[in-house]
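Everything below concerns the one structure shown next.
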Amino acid sequence: MSTTRRHPYPFSVFEPKWQQHWDRTQTFHTPNPGDPGFDPARPKYYVLDMFPYPSGSGLHVGHPEGYTATDIIGRYKRMCGFNVLHPMGWDAFGLPAEQYAIKTGQHPAVTTAQNVAHFKGQLQRLGFAYDWQREVNTTDPGYFRWTQWIFLQLYNAWFNPASNRAEAIGTYRGTDPDGVRLAYVSEAPVNWCQALGTVLANEEVIDGKSEVGGHPVERRPMLQWKLRITAYAQRLIDELDGLDWPEGIKLLQKNWIGRSEGAEVHYSTADATERITVFTTRPDTLYGATYIVLAPEHAIVDRLVTEEQWPAVRGYREKTARKSDLDRTELAKDKSGVWTGAFALNPVNGERIPIWIADYVLPGYGTGAIMAVPAHDERDWEFARKFGLPIREVVSPAPTLGFGGGRVCEAEPLECFTGEGYAIHSGPLDGLPTEAAKADITARLEAQGLGSKTVNYKLRDWLFSRQRYWGEPFPIVWEDGKHRALSETELPLTPPELADFKPTGTGEPPLAKATDWLRYSDKAVRETNTMPQWAGSCWYYLRYCDSQNAARFVGADAEGYWMGGGKPGGVDLYVGGTEHAVLHLLYARFWHKVLFDLGHVSTPEPFQRLINQGLILGEDGQKMSKSRGNVVNPDDVISEYGADALRGYLMFMGPLEATKPWSMTGVEGIARFLARVWRLVMEEQQEGTWAHGAVSAEAAPDKAQLRVIHASIKKVTADIETLSFNTALSQLMVFTNAFVNVTPRPLSAVRTLLTLLHPFAPHLTEELWESLAQRFGGAGELADAPWPQWDEQFLIEDELEIVLQVNGKVRDKIIVPKDATREAVEALARGSARIAEWTAGKDIKKVIVVPGRLVNLVVA
RNA sequence: GCCGGUGUGGUGAAAUGGCAGACACAACGGACUUAAAAUCCGUUGGCGCGAAAGCGCCGUGCGGGUUCGAGUCCCGCCACCGGCACCA
C-alpha cells in the first residue's frame, strides 16, 4: 500500500498516457492548404493565445486560464468539423532574460532555451491541443530574419496622405525620402532609463517609471529610430468599429490615440517679425484669449525673448529641462511660468497680449503653443489667477445671460466655465451656440489665411530602438552619416557573440563593443541599436500560419486561408490579458495595416474577436505576488488533482473575463465532480483497481433522462459559443448528477456526457471513451468524435408548472398540460383556492397570462 | 478630475423584464466504517408564526422612477477595482 494519499481517479496514470499519445500521433497537427490530409471542405477556425514571455519562474495560473479557454474552443470547433489552427510559441527576446543573464553571467540564449523547455513541459502537462509543429520563437534566426524583413518594409515605405495608405518609398516625389519613411531616425527628447541603460517607448513608461522594474525615467535628447504609427492614427481609430472586441478595450485604444478636433490659429508677434501657431479645440473662445503660452522648449522662444527677460527665461528653461516627466506632472497643481517680454496680436481684434512660457504646455502635442482663455479653461484659469493675467468671459451657459453686441466685458467672472454655451463679447460670434461659433470662426480664419481646421492626436510615433543586447539587430548600416538598408539577402542579421553584453550606461548600445561585427565595410558600420520586445510579437500570429516557410514571412496561400474569410477577417478568436490594450494590440494592428497596404497580407485587421481573461487573485483576494506568498503554481495543482481538475476549476471559477480569487477547495470540488464522472463508468475493485461498472448498452434513457441529455447538449453548446464555460460545467454537473444513482447507466447517455465534457477534461474523457470502446465496441478517439446535436422534441414537457401571482407576488403554483390554452390556464388560476384567499372581496382589474410561465392577477 | 468595469447568501457564483440564489465551496446532521479518509443521503438568505406539514414578512450597494411584474430598464448617489491624466 502506498503511503501517499490515493487519488480519487487514476489521473496520474492516464493523463501522461494521453499527452504522449497526442504527441506521438500528432493528433492536433493541422495541415495547410496543399499539404497531405488537408480537407478544403471544412471551414477554418483560427484560435489564438497571447504567447508567453518564457520567464524563469515558469507558468503562472493566469496563463492556463486563457489557454484553457482557447483549448476548449479549439477542441470544440474541431469536433464541429472545422480546420482548427491553434498554435503556441515564445516571445523570448526582452529585458528580463537579459537582466537575469547580467546577474548570473549566463548568456541569455542559454537561459531562454531552458525557460522555453520548462514552459513547454508545463503546457504539455495541461493537455493543450496545440499544433507544436507550428511553434515559433522570436529569438530564432529563422524567425527574426522576417522581423527584420518587415522592418525593411517599413523602412522602404511612406504613408501617402492622398491614398491614405502606405506605399513603396519609390512613389514619393519629394526631395527628402528619409523625412517620410515609416521607419526613420530622429534626434529628439526620449524616455531614457539609466537603470536599464536604454530608452523606452511612451507605452512602456508608467507614472514616470519603467514598466519593467519600476526604475526612474528621464527625458533626454537622443538619436533614435522611430516608427511612424501616427500616420495611421485615424485608421487605427476608424477600423476598430468592425471588430468584435470588448468596448472597454476599444475605448482604451481610442483614448490613447486621443483624437481631438479643433483649429490652428496664427498669431503674429507685436513687432510683426514672427508668427506663432497655436492649437485649440475651442476656437469659439478666441475673443477670450488674454495671453499666449509656449512650451519652454519651443524653438521660437530664442527669437522672442527681450533683453530684460533673458535671465528669467533661461533659468526657467534649465529648471524644466532637469525635471523628469514625473516631476513635471506631480507639480501639476502648482502652475509656473515666465513672461518672455514679447507680445502677440490677436488675429481677430488686433489686441496686444503677452507671450509666456510655462511647462504646463507640452512640446510634443499640437504646436507646443496655446492661446490661453482663462475664463474657459481650468489650467489657463489657474495660471492667470497666479500671475494676475486678465480673464475675459466669452461663453455664457445660457443664451439669455451676459452682454452681446461685441462689447468687451469689463467684469471678470467668478469661476471658470469650461462647458458649451453661447458666445458673448465675441463680435460676430455673439449669440451663436458653441458648435456653430467654432464652425463660424474657423471659416473666417481660413478665409483670411489666419488659421485652419485641424485634427490632433495624443499618439506619438513609436520609439523603436533600444540600447540592449537581447533583441533583433537593425538591418541597417551607416556610411558618411547616412543610413541605408541591408538587402534582403543579407538577412538574418544575427547579433554578435559578446562576452560582455551589459548596457554601457552611456546610451551607447552594447553591440558597439563588437568591433568586428560592427564593421560592415571599409566605410560603413552597422547600426548598433536593437529592436524592442514588441517587434517579434507584432506578427507572430502570421508566422504560425506557415512557420516553416524559409522563402517568405508567410506563404500567400496559408495567409489567405487562415487569416482570410469573413469580414474583416483575421484571427477568429484571440484571448489574452488587458495589459496589452495599448501596447501589443496597438502595435500589431499598425504593422498589420502596413503589411496590408503593401500587399503582403489579405486583411486590414489582424484580430477579429478579442476576449480578455480576468486576473486570478490569490486565495487571500490579493494580487498574486512572491512577496505576499500567495502565488499558486500550476505544477503543484496538477500533481495533486490532475490537469483536468485544474482546467475544470479555472473554467468553473466564474466568468472568463472576471477578476476572481483562487480557492483550493474549489479545485477539490471539480476533482470530486470528475471523479463522479469516472465512477459513472468505472467501479473500484476490492484490491483497489478499477473495472467497468454498471454501464449498459441495452438500457435506454427514459423520458426525463432524455430531457436532461438534450437540454445539456443545447446549453453546453450555447455556453461554449459565448465562452460561458462556468455555466456549461454546471450543466454538465447536472447531467452527471442525474445519472449517478441510475443502474444500469445507458451507454448512449454516458457517451454523450463524455463528448460534451471532452473539451474541458480531455484526458479523463478520452480514457473512459477508450475503455467503453474496448467493452462495447466503437472506433476512434473522442478528439475526433462529432459534436452531438440536440433534438427539441425531447425538451418539450407534457406538463408545465405555472406560477400564479396576485399583484406580482407568487401565491400558488399549478400544473397544466403543455398545450393548455391561455383561457384554460386563466380559468385554472381563477379557480385556485389559494388565489381565492388573496382575491376575496377585491376586484380583479387585469389578468396577465404569460404562456408556459405565469398568471398574474391584478387586484385592487 | 475624466473614462470604463463591478457591487446578489458565510464563500465562488447563476438568473431572454416573469418563482432571486441554478451549479459548486464551506458548515451542520445522517448512512457506511472498529475508527478515520473517501463515498452516498439530507439541511443550509434573514426574521417571525407553527408540534409538524406549512404559512407570512423582508431581501440583489443606497435613494427615487417606469411596469401587472425590476437583480435586470430609466434618473440621482455611494463604495471598490482598472485605465488615462496639465493633451490646450
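Values below: all heavy atoms of this structure, side chains included; hydrogens, waters and symmetry mates excluded. Letters A, B, ... mirror the listed sequences (proteins, then strands); counts begin at 1.
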Does A:Lys845 get its side chain close enough to the base of B:C68, under 3.5 Å, for a donor-acceptor pair? no

Ring pair (Phe, Tyr, Trp, His ring centres under 6.0 Å) for A:Phe383 and A:Tyr291? Distances and angles first, verdict last. CA-CA 10 Å; A:Phe383 193 82; A:Tyr291 59 101; 5.6 Å; yes

Applying side chain to side chain donor-acceptor pair (under 3.5 Å) to A:Tyr287 and not counting sequence neighbours gives none

- Query: Base, sugar-phosphate, or nothing for A:Arg834, non-hydrogen atoms under 4.0 angstrom?
  - Reply: sugar-phosphate

Under 3.5 Å, which protein N or O atoms sit close to an N or O of nucleotides 41-50 of chain B? Give each pair with its distance.
{"from": "B:C41", "atom 1": "OP1", "to": "A:Asn741", "atom 2": "ND2", "distance (Å)": "3.1"}

Show each protein N/O and nucleotides 71-74 of chain B N/O combination with a separation under 3.5 Å, one pair to a line.
none

Protein-proximity profile, nucleotides 17-24 of chain B, B/S/- by nucleotide at the 4.0 Å heavy-atom cutoff, equals -BB--BBS

Tell me if the NZ atom of A:Lys842 is crowded by more than 12 foreign heavy atoms within 6.0 Å.
no

Relative to its sugar, using the 90° cut-off around 0, the base of B:G17 is anti

Its dot-bracket string being built from Watson-Crick and G-U pairs below 3.5 Å, with | for another strand and [ ] for crossing, RNA chain B has the pattern (((((((..(((.....[....))).(((((.......))))).(((((....)))))..(((((..]....))))))))))))....

Sorted by chain and number, sequence neighbours left out, side-chain contact (heavy atoms from CB on, under 4.5 Å) with A:Glu792 holds for A:Lys714, A:Trp790, A:Leu795

Sorted by position of nearest nucleotide on RNA chain B, 5' first, the leading residue of A:Thr281 and A:Glu668 is A:Glu668

By nearest-heavy-atom nucleotide on RNA chain B, the more 5' of A:Leu857 and A:Ala675 is A:Ala675

